[in-house]
Amino acid sequence: MSVTLKPAAEARPADGGFNLVSRAKPYFGLIVLTTALLTSFGLYSMLRMPSGIYPEVAFPRIVVIAQTPGLAVKDVEIAVTRPIEQVTSIVLGVTRIRSKSVRGAAELSIEFAPNTDMIQALNDVRARMAEVGATLPPGTTTITERQTPSVFPIISFVVTGGRDPSALYDYAYYDLRPRITRISDVSYVTVQGGDVREILVEVEPQALAAAGLSIADIADRLGKEHRLKAVGRLDRETLQYQVLADTQAKDPLDLEDRVIVHKNDQPIRLGDLGRVTVSHQDRTMAIRSNGRDAVALTVFRRLGGNALAVSRNLETVLADAARSAPPGVRIQPVYDQGSLVKTAIANVRDAITIGGMFSVVILLLFLKSVRATLIASLAIPLSLMISFVFLDLTGDTLNLMSLGGLAV
């Protein structure tokens with residue numbers, strides 16, 4: 001009797017079973033490489049993603065603000081609000097327009113149907129505003145913007161000191177403002193406070209009546225005499241020169257020598273009717289800092305811009321501006337959303353770190369396996385890093401909502 005010995009058959013999974021580990025083992029190197037690449041790209045995405053307080057929510061709404069200083073409420077409604085309503089109501093996708101008229105200003109909220117292309121809608125509204133601009137009262141200024149979180153300011157600071165409020169405003173508007181608007185991700189900068197220079201023409205009513213003129217005649221004549229106008233061109237071989245007629249006064253007081261009209265073959269100059277002084281516009285807003293006159297500059301970021309990057313770049317620009325500022329001028333920060341964003345991100349980061357540590361400890365206590373706990377402790381940061389890849393691909397930002405979701 002012969003006995004043949006054979007090795008026992010290897011254990012196999014039951015019919016229809018699926019062992020993911022055994023199937024993935026031949027591709028272990030590929031899985032590790034893919035995880036490493038996704039994690040690296042997630043870290044890169046996290047560092048380059050724009051930061052802000054709120055998500056970039058695009059409401060189907062456009063706001064138009066028109067300002068005409070000194071105009072009464074009824075005049076604003078008739079001459080400003082209604083013309084704007086008529087031209088914007090025919091824009092494709094408009095569902096409702098709500099307007100509010102106050103003394104010297106009007107605000108219109110234009111609502112659109114859901115799923116409207118708001119970039120195209122904004123261009124259409126601005127085109128309509130350009131058409132109606134010529135029919136609005138002289139001196140009317142308009143602002144047309146989408147209703148998004150970016151319409152709220154992110155940085156505000158004040159400028160104090162200097163010789164007088166007019167010089168302070170000139171420095172803030174003509175020096176600081178252009179420097180800040182050149183910063184990447186800055187949409188626009190507003191300047192408020194101080195005194196805006198203007199040339200004041202004061203006419204004697206008796207002299208005006210004796211000359212048979214009106215205030216409108218004086219304004220019309222000065223508008224024609226005081227300007228820079230192209231009157232022709234000269235061709236010289238391959239070059240072409242533009243000819244300009246410059247009748248602008250080099251000094252405001254020179255306006256008094258301008259001839260307004262001839263009467264009985266005698267010229268009547270502006271100085272015969274009144275006097276010209278260098279003054280400033282009437283103040284409608286007063287801004288003070290520590291009991292002193294100040295000019296406030298407010299910075300707005302563009303849609304999708306990085307608030308942290310704007311804050312960092314602005315610090316560099318203001319430090320350079322402070323070194324070249326006029327004697328006695330000081331620049332003081334008032335509000336910086338970048339600091340709030342830094343604090344919020346740091347708090348969420350600490351919450352994620354502490355929460356992850358507690359998760360690892362609890363897993364170790366319940367599983368009582370160092371190997372299983374190590375796998376979980378690696379999965380937590382890797383999954384967080386890979387999540388930033390998809391956040392970046394979807395155009396999201398690092399804000400309290402997204403970071404809070406990751407922390408949970």
Side-chain angles (χ1 to χ4, degrees), residues 65-76 78-80 83 102-106 132-143 162-175 177-178 190-231 243-287 293-295 326:
I65 299 177
Q67 295 181 332
T68 309
L71 211 61
V73 178
K74 185 176 290 297
D75 295 331
V76 169
I78 296 175
V80 178
V102 297
R103 181 177 179 82
V132 76
T135 64
L136 299 179
T140 301
T141 59
T142 60
I143 298 176
R163 299 188 307 272
D164 57 77
S166 297
L168 194 64
Y169 179 88
D170 291 343
Y171 170 70
Y173 191 86
Y174 296 107
D175 193 326
R177 181 175 172 271
T190 61
V191 181
Q192 296 175 313
D195 289 333
V196 181
R197 298 180 188 271
E198 73 173 5
I199 299 175
L200 180 63
V201 179
E202 295 179 312
V203 182
E204 295 291 339
Q206 296 82 0
L208 199 64
L213 299 173
S214 64
I215 292 293
D217 296 330
I218 303 294
D220 181 65
R221 188 62 180 174
L222 288 178
K224 293 179 179 179
E225 290 289 333
H226 183 74
R227 64 177 179 173
L228 180 65
K229 182 181 179 181
V231 294
V243 181
L244 301 176
D246 185 4
T247 60
Q248 298 181 104
K250 304 305 179 184
D251 189 291
L253 299 181
D254 292 342
L255 289 174
E256 293 185 356
D257 295 330
R258 294 299 171 93
V259 177
I260 302 301
V261 70
H262 285 79
K263 188 174 184 180
N264 299 327
D265 296 330
Q266 295 294 324
I268 298 179
R269 294 177 171 82
L270 183 60
D272 301 328
L273 303 175
R275 62 191 182 98
V276 178
T277 58
V278 179
S279 183
H280 57 80
Q281 296 180 4
D282 295 336
R283 282 196 183 187
T284 58
M285 176 185 299
I287 296 179
D293 282 331
V295 176

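Along the sequence shown, the residues carry numbers beginning at 1. Every value quoted in this text rests on a predicted model; they were computed, and no experiment measured them.
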Show the nearest heavy-atom pair for residues Pro69 and Gly139, with the distance to one decimal.
CD-O, 4.2 Å
Provide the closest heavy-atom pair for Gly104 versus Val76 in the form atom of the first, atom of the second, distance.
N-CG2, 3.7 Å
Nearest 0.5 Å, please: how far is CZ in Arg221 from CD1 in Ile268?
12.0 Å
Going by side chain to side chain contact (heavy atoms under 4.5 Å, CB included), Val80 matches just one of Thr142, Val132, Leu71. Which one?
Leu71
Pair up each side-chain donor or acceptor in residues 201-208 with any protein partner under 3.5 Å, not counting sequence neighbours, and list the distances.
{"residue": "Glu202", "atom": "OE1", "partner": "Arg275", "partner atom": "NE", "Å": "3.1"}
{"residue": "Glu202", "atom": "OE1", "partner": "Arg275", "partner atom": "NH2", "Å": "2.8"}

Would you compute the distance between atom CZ of Arg177 and atom OG1 of Thr190 and round it to the nearest 0.5 angstrom?
9.0 Å
Any donor-acceptor pair under 3.5 Å from Asn264 side chain to Gln266 backbone:
no
Rounding to 0.5 Å, atoms CG (Leu213) and NZ (Lys263) come to a distance of 8.0 Å
Dump the intermediate steps for side chain to side chain contact (heavy atoms under 4.5 Å, CB included) on Val276 and Leu270, then the final yes or no.
CA-CA 8 Å; Val276 178; Leu270 183 60; 3.7 Å; yes
Donor-acceptor pairs are to be reported for all side-chain atoms of residues 191-200 against protein atoms at under 3.5 Å, with residues two or more places apart or in another chain.
{"residue": "Asp195", "atom": "OD1", "partner": "Arg283", "partner atom": "NE", "Å": "2.6"}
{"residue": "Asp195", "atom": "OD1", "partner": "Arg283", "partner atom": "NH2", "Å": "3.3"}
{"residue": "Arg197", "atom": "NE", "partner": "Asp170", "partner atom": "OD2", "Å": "2.4"}
{"residue": "Arg197", "atom": "NH2", "partner": "Asp170", "partner atom": "OD2", "Å": "3.4"}

Do the side chain of Asp217 and the main chain of Ser214 share a donor and acceptor less than 3.5 angstrom apart?
yes
Shortest non-hydrogen contact from Thr68 to Pro138?
CG2-O, 4.4 Å
